[in-house]
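A short write-up of the structure that comes next.
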Amino acid sequence: MNVIQYDGYADIAPITGFSLRKTFTCGQCFRFDEEGDGYSGVAFGRYVRFAQPAPDILRIYGEAASDADLWIKYLALDVDYEAIRLDIARRFDCEIMDRALEYGEGIRILRQQPWEVICSFIISQNNNIGRIKKIIAALSRALGEPAAGSDRHHAFPTPEALFKLGTEGIFALGTGFRAKYIYDAANRITEGIIDLNALAAQDTRTLIKELCTVKGIGLKVASCAALFGFGRTEVFPVDVWVRRSIDRHFGGKLDIDSLGEYAGIAQQYLFYYERENGGRT
DNA sequence: CACCAGGTGGAAC
DNA sequence: GTTCCACATGGT
């Protein structure tokens with residue numbers, strides 16, 4: 001895998017087992033949208049536009065192209081998904097997972113920033129993905145610093161900015177009953193009651209337990225934060241879609257604590273398959 | 001106009 | 001310990 005710099009973009013090639021579309025439409029990330037022949041959005045406070053002109057080429061446009069290593073890590077292009085998928089297939093050893101693996105081939109679990117994931121999944125509760133994206137866009141537009149590389153995109157708001165805005169201000173941006181939860185999380189981090197860097201060094205059980213001390217963070221939100229924001233691939237979040245999949249394909253019972261070190265990735269295949277094909281199979 | 005959305009806190013058994 | 005229900009809002 002090499003990085004080749006051109007005038008105005010960079011190509012990373014050759015890559016295998018990566019689908020730009022599936023990675024950004026599988027429901028793990030709320031800040032990227034289809035733009036032209038690819039997907040664009042903001043991560044790490046920087047605007048970036050990706051395209052995949054051939055299955056084995058990832059293209060990065062604009063200012064972001066100068067930092068290919070950052071995006072390789074963000075997109076998990078340095079991770080051996082072939083081995084992970086084999087582990088999942090062997091461990092589950094069932095038709096539904098085989099179908100989900102095939103359907104979701106190319107999904108990568110992004111390495112997103114902890115605070116953005118925590119806040120985003122607080123917003124996700126009792127909500128749909130379309131509106132989650134709108135709320136996050138509104139928060140970012142109102143409070144986020146201008147994103148590097150774009151004059152119309154903004155970084156995700158810091159905990160400090162949300163704390164200063166207050167519950168009423170957060171409510172006014174369309175967050176609904178979740179405003180007080182977002183405020184509590186922002187407050188605890190701003191005050192240093194919760195230290196995200198320290199949490200990143202804790203074991204997964206402690207991490208989830210600590211996250212659950214925030215009002216509005218329960219097991220599901222904490223699990224998503226651990227998986228998407230802290231790289232804990234062994235965590236298996238159960239939401240309504242995964243619940244549905246378990247009910248329909250696993251007799252309503254699945255021991256989520258013994259699904260191996262890539263349980264969370266398996267969960268994403270099931271989630272994506274159920275949400276896209278739900279009811280049909 | 002009901003019902004649902006990547007749930008959770010709190011009250012009532 | 002489990003079970004029920006409100007919660008803001010926008011989309012079918």
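All heavy atoms count here, side chains included; hydrogens, waters and symmetry mates do not. Model, not experiment: these values are computed from the prediction.
In this structure, A:Trp241 has its ring center at least 6.0 angstrom away from the ring center of A:Tyr272. Ring centroids of A:Phe121 and A:Phe228 are separated by less than 6.0 Å, placing the two rings close together. Between A:Tyr269 and A:Tyr103, the ring center distance fails the sub-6.0 Å criterion. For an aromatic pair to be called close, the ring centres must be under 6.0 Å apart, and A:Phe32 with A:Tyr39 fails this.
If you walk DNA chain B from 5' to 3' and mark each nucleotide with an atom closer than 4.0 Å to a heavy atom of chain A, the marks span B:dA5 to B:dG10.
Residue contacts shown for A:Gly27 include a base, since a base heavy atom lies under 4.0 Å away. When heavy atoms are screened at a 4.0 angstrom cut-off, A:Leu219 is found touching the sugar-phosphate backbone but no base atom. Within 4.0 Å of A:Phe228, counting heavy atoms only, lies at least one base atom of the nucleic acid. Within 4.0 Å of A:Phe171, counting heavy atoms only, lie sugar-phosphate atoms of the nucleic acid but no base atom. Residue A:Arg243 is out of contact with every strand shown, counting any heavy-atom pair closer than 4.0 Å. Across all strands shown, A:Ile135 has no heavy atoms under 4.0 Å from either base or sugar-phosphate atoms.
In this entry the distance linking CG of A:Leu173 with C1' of C:dA8 reads 14 Å, nearest Å. Atoms CG (A:Asn127) and P (C:dG11) sit 12 Å apart, rounded to a whole Å. Atom P of nucleotide C:dC5 and atom CG of A:Asn126 are separated by 15 Å, given to the nearest angstrom. The OH-C1' distance, from A:Tyr181 to C:dA8, rounds to 11 Å in whole Å. Protein atom CZ of A:Arg178 is 7 Å distant from nucleotide atom C1' of C:dT9, rounded to whole Å. Atoms CG (A:Asn128) and P (C:dA8) sit 17 Å apart, rounded to a whole Å. In this entry the distance linking CD of A:Gln125 with C1' of C:dA6 reads 12 Å, nearest Å. In this structure, NZ of A:Lys133 is placed 15 Å from P of C:dG11, rounded to the nearest angstrom.
Looking at which nucleotide of DNA chain B each of A:Gly216 and A:Gly130 is closest to, the 5′-most match is held by A:Gly130. Across the interface with DNA chain B, nearest-nucleotide mapping of A:Arg275 and A:Val214 shows A:Arg275 to be the residue nearer the 5′ end.
A salt bridge links A:Asp78 with A:Arg111: the closest approach of a Lys/Arg side-chain nitrogen to an acidic carboxylate oxygen falls below 4.0 angstrom. Ion pairing between A:Asp69 and A:Lys73 fails under the 4.0 Å rule for side-chain N and carboxylate O.
Here B:dC1 sits opposite no nucleotide as a Watson-Crick or G-U wobble pair (both hydrogen-bonding atom distances under 3.5 Å).
Between C:dT2 and B:dG6, the two C1' atoms lie 24 Å apart (nearest whole Å). B:dA11 and C:dA8 have their P atoms separated by 16 Å, with the value rounded to a whole Å.
Looking only at distances, a side-chain donor or acceptor of A:Arg188 sits under 3.5 Å from a matching main-chain atom of A:Thr213.
Counting heavy-atom neighbours within 6.0 Å of A:Gln5 CD, excluding the residue itself, gives a total above 12.
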